[in-house]
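Worksheet: one structure, shown below.
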Amino acid sequence: MQMADVPYALPDERGHFGPYGGVFVAETLIHALDELREQYARYRADPEFVAEFEYELKHYVGRPSPVYHASRWSERLGGAQLYFKREDLNHTGAHKINNCIGQALLARRMGKRRIIAETGAGQHGVAAATVAARFGMQCVVYMGSEDVSRQAQNVFRMKLLGAELVPVESGSKTLKDALNEAMRDWVTHVEDTFYIIGTVAGPHPYPMMVRDFQTVIGRECLTQMPEMIGRQPDAIIACVGGGSNAIGIFHPYIPYDRVRLIGVEAAGDGIATGRHAASLTAGRPGVLHGNRTYLLQDANGQITETHSVSAGLDYPGVGPEHAWLKDTGRAEYVTVTDDEALAAFHDCCRIEGIIPALESCHALAHAARLAVTLPRDKVLLVNLSGRGDKDMNTVAERAGLHFYCRPACDPSRR
Ligand SMILES: *Cc1c(COP(=O)(O)O)cnc(C)c1O
(Lines give C-alpha, C1' and ligand atoms only; values in the text may rest on other atoms or scores of the structure.)
Protein backbone atom coordinates (compact mmCIF):
# COMPACT_ATOMS: atom_id res chain seq x y z
CA MET A 1 0.00 0.00 0.00
CA GLN A 2 1.17 3.50 -0.85
CA MET A 3 1.51 5.83 2.09
CA ALA A 4 -1.25 8.12 0.88
CA ASP A 5 -3.21 5.71 -1.27
CA VAL A 6 -6.39 7.68 -1.88
CA PRO A 7 -7.88 9.21 -5.02
CA TYR A 8 -7.37 12.74 -3.68
CA ALA A 9 -3.94 13.37 -5.22
CA LEU A 10 -3.01 16.88 -4.09
CA PRO A 11 -0.64 18.70 -4.01
CA ASP A 12 0.41 19.39 -7.62
CA GLU A 13 4.02 18.96 -8.75
CA ARG A 14 5.14 22.21 -7.16
CA GLY A 15 3.39 21.61 -3.87
CA HIS A 16 0.18 23.58 -4.35
CA PHE A 17 -3.05 22.77 -2.56
CA GLY A 18 -5.24 25.08 -4.64
CA PRO A 19 -3.74 28.56 -4.09
CA TYR A 20 -1.86 27.44 -0.95
CA GLY A 21 1.46 25.74 -0.22
CA GLY A 22 4.27 26.07 -2.75
CA VAL A 23 7.93 26.95 -2.21
CA PHE A 24 8.70 30.47 -0.94
CA VAL A 25 12.33 30.27 0.14
CA ALA A 26 15.68 31.95 -0.42
CA GLU A 27 17.64 30.81 -3.46
CA THR A 28 20.17 29.09 -1.17
CA LEU A 29 17.56 26.55 -0.04
CA ILE A 30 16.29 25.57 -3.49
CA HIS A 31 18.95 22.93 -4.05
CA ALA A 32 18.30 21.22 -0.70
CA LEU A 33 14.55 21.19 -1.33
CA ASP A 34 14.98 19.85 -4.86
CA GLU A 35 17.10 17.00 -3.54
CA LEU A 36 14.58 16.24 -0.81
CA ARG A 37 11.67 16.29 -3.26
CA GLU A 38 13.40 13.92 -5.67
CA GLN A 39 14.55 11.49 -2.99
CA TYR A 40 11.20 11.47 -1.23
CA ALA A 41 9.37 10.83 -4.52
CA ARG A 42 11.66 7.86 -5.05
CA TYR A 43 11.33 6.28 -1.61
CA ARG A 44 7.64 7.03 -1.22
CA ALA A 45 7.02 4.51 -4.00
CA ASP A 46 9.66 2.02 -2.81
CA PRO A 47 8.02 -1.04 -1.18
CA GLU A 48 11.17 -1.72 0.86
CA PHE A 49 11.13 1.77 2.34
CA VAL A 50 7.42 1.52 3.12
CA ALA A 51 7.94 -1.89 4.75
CA GLU A 52 10.78 -0.50 6.87
CA PHE A 53 8.56 2.40 7.99
CA GLU A 54 5.77 0.00 8.91
CA TYR A 55 8.16 -2.25 10.82
CA GLU A 56 9.37 0.67 12.98
CA LEU A 57 5.80 1.84 13.59
CA LYS A 58 4.83 -1.61 14.80
CA HIS A 59 7.84 -2.57 16.89
CA TYR A 60 9.20 0.77 18.12
CA VAL A 61 6.16 3.06 18.24
CA GLY A 62 3.71 0.32 19.26
CA ARG A 63 1.19 0.66 16.42
CA PRO A 64 -1.57 0.15 15.61
CA SER A 65 -2.87 2.44 18.34
CA PRO A 66 -6.29 1.27 19.59
CA VAL A 67 -9.67 2.91 19.12
CA TYR A 68 -11.50 3.21 22.44
CA HIS A 69 -15.21 3.70 23.14
CA ALA A 70 -15.53 6.39 25.81
CA SER A 71 -18.77 4.85 27.00
CA ARG A 72 -19.06 6.50 30.42
CA TRP A 73 -18.54 9.99 29.09
CA SER A 74 -20.92 9.30 26.18
CA GLU A 75 -23.54 8.00 28.64
CA ARG A 76 -23.21 11.15 30.74
CA LEU A 77 -23.57 13.43 27.75
CA GLY A 78 -26.66 11.50 26.66
CA GLY A 79 -26.05 12.04 22.94
CA ALA A 80 -23.67 10.75 20.27
CA GLN A 81 -21.06 8.09 21.16
CA LEU A 82 -17.48 9.29 21.61
CA TYR A 83 -14.62 7.12 20.35
CA PHE A 84 -10.94 7.98 20.85
CA LYS A 85 -8.07 7.14 18.49
CA ARG A 86 -5.37 6.55 21.10
CA GLU A 87 -2.26 8.32 19.72
CA ASP A 88 -1.47 9.07 23.37
CA LEU A 89 -0.39 5.43 23.71
CA ASN A 90 2.43 5.75 21.17
CA HIS A 91 6.05 5.63 22.30
CA THR A 92 6.93 9.19 23.52
CA GLY A 93 3.23 9.87 24.09
CA ALA A 94 1.93 11.55 20.95
CA HIS A 95 1.51 11.31 17.18
CA LYS A 96 4.70 13.28 16.41
CA ILE A 97 6.87 10.15 16.49
CA ASN A 98 5.11 8.75 13.37
CA ASN A 99 6.50 11.59 11.27
CA CYS A 100 9.94 11.60 12.92
CA ILE A 101 10.41 7.90 12.20
CA GLY A 102 9.53 8.48 8.54
CA GLN A 103 11.88 11.43 8.10
CA ALA A 104 14.75 9.73 9.98
CA LEU A 105 14.46 6.67 7.73
CA LEU A 106 14.53 8.96 4.70
CA ALA A 107 17.58 10.79 6.11
CA ARG A 108 19.35 7.45 6.49
CA ARG A 109 18.53 6.46 2.89
CA MET A 110 19.87 9.83 1.74
CA GLY A 111 23.12 9.23 3.63
CA LYS A 112 22.63 12.15 6.06
CA ARG A 113 24.12 11.50 9.49
CA ARG A 114 23.09 14.72 11.20
CA ILE A 115 19.50 15.68 12.09
CA ILE A 116 18.30 19.14 12.97
CA ALA A 117 14.88 20.17 14.25
CA GLU A 118 13.10 23.21 15.61
CA THR A 119 10.81 22.98 18.59
CA GLY A 120 8.41 25.23 20.49
CA ALA A 121 7.04 23.35 23.47
CA GLY A 122 9.72 20.71 23.07
CA GLN A 123 7.46 17.85 21.97
CA HIS A 124 8.83 17.69 18.44
CA GLY A 125 12.37 18.16 19.79
CA VAL A 126 11.90 15.13 22.03
CA ALA A 127 10.50 13.04 19.18
CA ALA A 128 13.40 14.07 16.90
CA ALA A 129 15.98 13.36 19.64
CA THR A 130 14.34 9.97 20.19
CA VAL A 131 14.63 8.85 16.55
CA ALA A 132 18.17 10.24 16.31
CA ALA A 133 19.15 8.03 19.26
CA ARG A 134 17.27 5.08 17.75
CA PHE A 135 19.14 5.37 14.42
CA GLY A 136 22.51 6.48 15.81
CA MET A 137 22.46 9.98 14.33
CA GLN A 138 23.71 13.29 15.63
CA CYS A 139 20.85 15.61 16.64
CA VAL A 140 20.75 19.39 17.07
CA VAL A 141 17.53 21.04 18.27
CA TYR A 142 16.84 24.77 17.93
CA MET A 143 14.55 26.21 20.58
CA GLY A 144 13.68 29.82 21.44
CA SER A 145 15.35 30.80 24.72
CA GLU A 146 11.94 31.85 26.11
CA ASP A 147 10.71 28.32 25.46
CA VAL A 148 13.86 26.74 26.90
CA SER A 149 13.12 28.25 30.29
CA ARG A 150 9.39 27.47 30.10
CA GLN A 151 9.83 23.80 29.10
CA ALA A 152 12.45 22.49 31.50
CA GLN A 153 11.14 18.91 31.45
CA ASN A 154 11.38 18.52 27.69
CA VAL A 155 14.78 20.22 27.61
CA PHE A 156 15.98 17.64 30.11
CA ARG A 157 14.46 14.78 28.10
CA MET A 158 16.22 15.95 24.90
CA LYS A 159 19.55 16.07 26.74
CA LEU A 160 19.02 12.59 28.20
CA LEU A 161 18.42 11.35 24.67
CA GLY A 162 21.76 12.79 23.58
CA ALA A 163 20.61 15.81 21.58
CA GLU A 164 22.43 19.12 21.53
CA LEU A 165 20.10 22.01 22.36
CA VAL A 166 20.70 25.45 20.84
CA PRO A 167 18.77 28.28 22.55
CA VAL A 168 17.75 30.96 20.01
CA GLU A 169 18.02 34.55 21.25
CA SER A 170 16.67 36.39 18.20
CA GLY A 171 13.19 37.91 17.67
CA SER A 172 10.53 36.86 20.14
CA LYS A 173 12.79 33.93 21.22
CA THR A 174 10.07 31.40 20.44
CA LEU A 175 9.12 28.82 17.81
CA LYS A 176 9.18 30.98 14.69
CA ASP A 177 12.68 32.23 15.53
CA ALA A 178 13.86 28.67 16.16
CA LEU A 179 12.48 27.74 12.73
CA ASN A 180 14.42 30.53 11.02
CA GLU A 181 17.60 29.44 12.80
CA ALA A 182 17.11 25.79 11.79
CA MET A 183 16.67 26.90 8.14
CA ARG A 184 19.95 28.81 8.38
CA ASP A 185 21.76 25.75 9.77
CA TRP A 186 20.32 23.60 6.97
CA VAL A 187 21.62 25.94 4.24
CA THR A 188 25.10 25.84 5.77
CA HIS A 189 25.31 22.06 6.39
CA VAL A 190 23.11 20.65 3.65
CA GLU A 191 25.67 18.01 2.60
CA ASP A 192 25.33 15.90 5.74
CA THR A 193 22.22 17.37 7.41
CA PHE A 194 18.53 16.48 7.26
CA TYR A 195 16.00 18.98 8.60
CA ILE A 196 13.05 17.24 10.29
CA ILE A 197 10.03 19.58 10.33
CA GLY A 198 7.47 18.64 12.97
CA THR A 199 4.17 19.49 11.32
CA VAL A 200 2.51 19.84 7.89
CA ALA A 201 4.04 23.30 7.35
CA GLY A 202 7.14 24.62 5.59
CA PRO A 203 7.95 24.57 1.86
CA HIS A 204 7.02 21.67 -0.45
CA PRO A 205 7.57 18.71 -0.06
CA TYR A 206 7.23 18.96 3.75
CA PRO A 207 3.44 19.45 4.00
CA MET A 208 2.88 16.44 1.72
CA MET A 209 5.61 14.28 3.24
CA VAL A 210 4.59 14.87 6.87
CA ARG A 211 0.97 14.23 5.89
CA ASP A 212 1.88 10.95 4.20
CA PHE A 213 3.69 9.70 7.30
CA GLN A 214 0.81 10.74 9.58
CA THR A 215 -1.92 9.15 7.44
CA VAL A 216 -1.15 5.89 9.23
CA ILE A 217 -3.57 7.24 11.85
CA GLY A 218 -6.54 7.51 9.50
CA ARG A 219 -5.67 4.35 7.57
CA GLU A 220 -5.84 2.34 10.78
CA CYS A 221 -9.22 3.92 11.64
CA LEU A 222 -10.58 2.92 8.23
CA THR A 223 -10.29 -0.74 9.25
CA GLN A 224 -10.77 -0.35 13.03
CA MET A 225 -14.10 1.49 12.92
CA PRO A 226 -15.96 -1.11 10.81
CA GLU A 227 -14.54 -3.82 13.11
CA MET A 228 -15.87 -2.02 16.19
CA ILE A 229 -19.17 -0.53 15.06
CA GLY A 230 -19.80 -2.05 11.64
CA ARG A 231 -19.38 1.24 9.77
CA GLN A 232 -17.37 4.44 9.53
CA PRO A 233 -17.96 7.27 12.06
CA ASP A 234 -20.32 10.20 11.38
CA ALA A 235 -17.64 12.77 12.17
CA ILE A 236 -13.93 12.92 12.91
CA ILE A 237 -12.66 15.63 15.23
CA ALA A 238 -9.03 16.65 15.72
CA CYS A 239 -7.16 19.65 17.14
CA VAL A 240 -5.21 21.85 14.71
CA GLY A 241 -1.89 23.50 15.56
CA GLY A 242 0.22 23.14 12.43
CA GLY A 243 -2.31 20.48 11.50
CA SER A 244 -0.38 17.19 11.33
CA ASN A 245 -2.47 15.00 13.63
CA ALA A 246 -5.63 16.37 12.02
CA ILE A 247 -4.53 15.80 8.43
CA GLY A 248 -3.23 12.36 9.44
CA ILE A 249 -6.67 11.20 10.52
CA PHE A 250 -8.66 13.29 7.96
CA HIS A 251 -6.79 12.52 4.79
CA PRO A 252 -7.76 8.87 4.23
CA TYR A 253 -11.39 9.90 4.88
CA ILE A 254 -11.53 12.72 2.31
CA PRO A 255 -13.26 10.48 -0.29
CA TYR A 256 -15.85 9.37 2.34
CA ASP A 257 -18.39 12.14 1.76
CA ARG A 258 -20.63 11.11 4.63
CA VAL A 259 -17.90 11.52 7.24
CA ARG A 260 -17.71 15.11 8.54
CA LEU A 261 -14.16 16.32 9.15
CA ILE A 262 -13.88 18.89 11.93
CA GLY A 263 -10.66 20.68 12.91
CA VAL A 264 -10.51 22.50 16.23
CA GLU A 265 -8.30 25.56 16.67
CA ALA A 266 -7.24 27.22 19.91
CA ALA A 267 -9.38 30.23 20.82
CA GLY A 268 -7.17 30.95 23.86
CA ASP A 269 -8.83 33.68 25.94
CA GLY A 270 -11.51 34.07 23.22
CA ILE A 271 -11.32 35.13 19.57
CA ALA A 272 -12.56 38.64 20.39
CA THR A 273 -9.65 39.25 22.82
CA GLY A 274 -7.07 38.73 20.07
CA ARG A 275 -5.25 36.35 22.43
CA HIS A 276 -5.67 33.08 20.51
CA ALA A 277 -4.02 30.87 17.86
CA ALA A 278 -6.93 30.35 15.42
CA SER A 279 -5.25 30.95 12.05
CA LEU A 280 -8.01 29.49 9.87
CA THR A 281 -10.86 31.06 11.82
CA ALA A 282 -9.41 34.54 12.34
CA GLY A 283 -6.43 34.81 9.96
CA ARG A 284 -6.02 35.56 6.27
CA PRO A 285 -3.74 34.19 3.56
CA GLY A 286 -0.08 35.21 3.43
CA VAL A 287 3.38 33.68 3.23
CA LEU A 288 5.30 32.33 6.22
CA HIS A 289 7.97 29.64 6.63
CA GLY A 290 8.15 28.77 2.96
CA ASN A 291 4.48 28.37 2.08
CA ARG A 292 1.29 30.30 1.43
CA THR A 293 -1.47 29.67 3.95
CA TYR A 294 -3.79 31.29 6.50
CA LEU A 295 -1.81 33.36 9.00
CA LEU A 296 -2.47 35.51 12.02
CA GLN A 297 -1.21 38.91 10.93
CA ASP A 298 -1.91 42.59 11.52
CA ALA A 299 -2.99 45.15 8.89
CA ASN A 300 0.64 45.52 7.75
CA GLY A 301 1.17 41.80 7.29
CA GLN A 302 3.25 41.46 10.48
CA ILE A 303 2.80 38.10 12.18
CA THR A 304 0.96 38.61 15.46
CA GLU A 305 1.65 37.04 18.84
CA THR A 306 -0.37 33.94 19.54
CA HIS A 307 -1.71 32.48 22.75
CA SER A 308 -3.02 29.10 23.83
CA VAL A 309 -2.93 27.18 27.10
CA SER A 310 -1.56 24.30 25.03
CA ALA A 311 1.90 25.08 23.72
CA GLY A 312 1.50 22.67 20.79
CA LEU A 313 -1.31 24.76 19.27
CA ASP A 314 0.51 28.05 19.75
CA TYR A 315 1.54 28.70 16.10
CA PRO A 316 0.48 31.67 13.90
CA GLY A 317 0.12 29.56 10.72
CA VAL A 318 -1.44 26.28 9.64
CA GLY A 319 -0.63 23.62 7.04
CA PRO A 320 -1.61 24.65 3.48
CA GLU A 321 -3.75 21.56 2.92
CA HIS A 322 -6.06 22.66 5.75
CA ALA A 323 -6.35 26.09 4.11
CA TRP A 324 -7.55 24.30 0.98
CA LEU A 325 -9.89 21.94 2.85
CA LYS A 326 -11.43 24.98 4.53
CA ASP A 327 -11.94 26.92 1.28
CA THR A 328 -13.41 23.91 -0.51
CA GLY A 329 -15.68 23.15 2.44
CA ARG A 330 -14.58 19.51 2.74
CA ALA A 331 -13.49 20.17 6.32
CA GLU A 332 -14.99 22.53 8.90
CA TYR A 333 -12.93 24.49 11.42
CA VAL A 334 -14.20 25.59 14.82
CA THR A 335 -12.56 26.93 17.98
CA VAL A 336 -12.38 26.03 21.67
CA THR A 337 -11.13 28.36 24.42
CA ASP A 338 -8.51 27.60 27.10
CA ASP A 339 -11.25 27.27 29.73
CA GLU A 340 -13.32 24.89 27.62
CA ALA A 341 -10.26 22.74 26.90
CA LEU A 342 -9.37 22.61 30.62
CA ALA A 343 -12.92 21.56 31.53
CA ALA A 344 -12.68 18.72 28.99
CA PHE A 345 -9.29 17.80 30.46
CA HIS A 346 -10.77 17.27 33.93
CA ASP A 347 -13.82 15.41 32.58
CA CYS A 348 -11.63 13.03 30.60
CA CYS A 349 -9.41 12.33 33.63
CA ARG A 350 -12.28 11.70 36.04
CA ILE A 351 -14.76 9.95 33.76
CA GLU A 352 -12.52 7.88 31.51
CA GLY A 353 -9.29 7.48 33.50
CA ILE A 354 -7.26 9.02 30.68
CA ILE A 355 -5.07 12.11 31.18
CA PRO A 356 -5.08 13.79 27.74
CA ALA A 357 -2.70 16.38 26.30
CA LEU A 358 -4.13 19.93 26.47
CA GLU A 359 -3.92 20.10 22.67
CA SER A 360 -6.16 17.04 22.36
CA CYS A 361 -8.56 18.54 24.92
CA HIS A 362 -9.58 21.10 22.30
CA ALA A 363 -10.89 18.24 20.14
CA LEU A 364 -12.48 16.57 23.17
CA ALA A 365 -14.26 19.77 24.22
CA HIS A 366 -15.78 20.24 20.78
CA ALA A 367 -16.76 16.57 20.58
CA ALA A 368 -18.59 16.80 23.91
CA ARG A 369 -20.30 20.02 22.78
CA LEU A 370 -21.40 18.39 19.52
CA ALA A 371 -22.41 15.05 21.08
CA VAL A 372 -25.20 16.58 23.16
CA THR A 373 -26.87 17.92 19.99
CA LEU A 374 -26.95 14.50 18.30
CA PRO A 375 -28.88 11.24 18.83
CA ARG A 376 -27.29 8.26 20.61
CA ASP A 377 -26.71 6.26 17.45
CA LYS A 378 -24.29 8.83 15.99
CA VAL A 379 -20.56 8.24 16.34
CA LEU A 380 -17.85 10.87 16.81
CA LEU A 381 -14.24 9.76 16.46
CA VAL A 382 -11.78 12.03 18.28
CA ASN A 383 -8.07 11.97 17.58
CA LEU A 384 -6.52 11.83 21.05
CA SER A 385 -3.23 13.18 19.75
CA GLY A 386 -1.21 12.87 22.95
CA ARG A 387 -1.07 12.23 26.67
CA GLY A 388 -1.10 14.94 29.30
CA ASP A 389 1.93 14.10 31.45
CA LYS A 390 3.79 17.07 29.98
CA ASP A 391 0.98 19.43 31.02
CA MET A 392 0.95 18.79 34.78
CA ASN A 393 2.51 22.14 35.66
CA THR A 394 0.13 24.12 33.46
CA VAL A 395 -2.95 22.34 34.73
CA ALA A 396 -1.82 22.60 38.35
CA GLU A 397 -1.24 26.34 37.99
CA ARG A 398 -4.58 26.96 36.30
CA ALA A 399 -6.40 24.89 38.91
CA GLY A 400 -4.55 26.55 41.81
CA LEU A 401 -3.20 23.15 42.83
CA HIS A 402 0.54 23.69 43.27
CA PHE A 403 1.30 20.03 43.84
CA TYR A 404 3.64 19.27 41.02
CA CYS A 405 7.22 20.05 40.04
CA ARG A 406 8.04 23.47 41.51
CA PRO A 407 11.35 25.17 40.56
CA ALA A 408 13.09 23.52 43.53
CA CYS A 409 12.76 20.08 41.90
CA ASP A 410 13.27 21.28 38.33
CA PRO A 411 15.96 18.96 36.94
CA SER A 412 17.51 21.63 34.70
CA ARG A 413 18.43 23.68 37.79
CA ARG A 414 20.37 20.98 39.60
C1 LIG B 1 2.40 19.11 18.71
C2 LIG B 1 1.09 18.58 19.14
C3 LIG B 1 -0.12 18.96 18.51
C4 LIG B 1 -0.17 20.02 17.45
O5 LIG B 1 0.49 19.71 16.27
P6 LIG B 1 -0.28 19.30 14.95
O7 LIG B 1 0.76 19.34 13.91
O8 LIG B 1 -1.39 20.28 14.72
O9 LIG B 1 -0.82 17.94 15.17
C10 LIG B 1 -1.30 18.36 18.92
N11 LIG B 1 -1.31 17.45 19.92
C12 LIG B 1 -0.18 17.07 20.55
C13 LIG B 1 -0.28 16.06 21.65
C14 LIG B 1 1.05 17.62 20.19
O15 LIG B 1 2.16 17.22 20.83
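All values below were derived from every heavy atom in this structure, side-chain atoms included, with hydrogens, water molecules and symmetry-related copies excluded. In listed order, ligands and their atoms are each counted from 1. Keep in mind it's a predicted model, so treat the numbers as computed, not measured.
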Check your understanding: Can you say whether the rings of Trp186 and Tyr206 are parallel (under 30°), tilted (30 to 60°) or perpendicular (over 60°)?
Key -> perpendicular

**Study point:** Element-labelled atoms of ligand 1 that are located less than 4.0 Å from some non-hydrogen atom of Ala357
**Key:** 13 (C)

Practice item. Return the set of residues passing side-chain contact (heavy atoms from CB on, under 4.5 Å) with Lys378 (not counting sequence neighbours), or none when no residue passes. Key: Ala80, Asp234, Leu374, Pro375

Review point. Less than 3.5 Å between some nitrogen or oxygen of Glu359 and one of ligand 1, yes or no?
Key: no

Practice item. Measure the distances from the heavy atoms of His95 to every atom of ligand 1 and state whether one is below 4.0 angstrom. Key: yes

Exercise for review: Please determine if Ala94 has a nitrogen or oxygen closer than 3.5 Å to a nitrogen or oxygen of ligand 1.
Suggested key: no

Point to revise | Nearest neighbour in protein (non-hydrogen) for atom 4 (C) of ligand 1 | key: Gly312 O, 3.4 Å

**Study point:** Aromatic ring pairing His322/Phe250, orientation class (parallel under 30°, perpendicular over 60°, tilted between)
**Key:** perpendicular

Practice item. Could you say whether the N/O atoms of Gly243 and ligand 1 ever approach to under 3.5 Å? Key: yes

Check your understanding: Parallel under 30°, tilted from 30 to 60°, perpendicular over 60°: which one fits the rings of His91 and Tyr60?
Key -> perpendicular

Residues 155-164 side chain polar contacts: donor-acceptor under 3.5 Å, at least two apart:
unit_1	atom_1	unit_2	atom_2	d
Arg157	NH1	Asn154	OD1	2.8

Check your understanding: Can an N or O of Asn245 be found at a distance shorter than 3.5 Å from an N or O of ligand 1?
Key -> yes

Check your understanding: Is there a donor-acceptor contact under 3.5 Å linking the side chains of Thr193 and Arg114?
Key -> yes

Check your understanding: What protein heavy atom sits nearest atom 6 (P) of ligand 1, and how far off is it?
Key -> Ser244 N, 3.3 Å

Point to revise | For atom 2 (C) of ligand 1, closest protein heavy-atom neighbour | key: Lys96 NZ, 2.4 Å

**Study point:** Pairwise side-chain contact, Met137 with Phe194, heavy-atom cut-off 4.5 Å (strictly under)
**Key:** no

Point to revise | Note: Asp269-Arg275 ion pair, threshold 4.0 Å (strictly below) | key: yes

Check your understanding: ligand 1 and Lys390, any nitrogen or oxygen pair closer than 3.5 angstrom?
Key -> no

**Study point:** Distance from atom 11 (N) of ligand 1 to nearest protein heavy atom, with residue and atom
**Key:** Ser385 OG, 2.8 Å

Exercise for review: Please say whether Cys239 places an N or O atom under 3.5 Å from an N or O atom belonging to ligand 1.
Suggested key: no

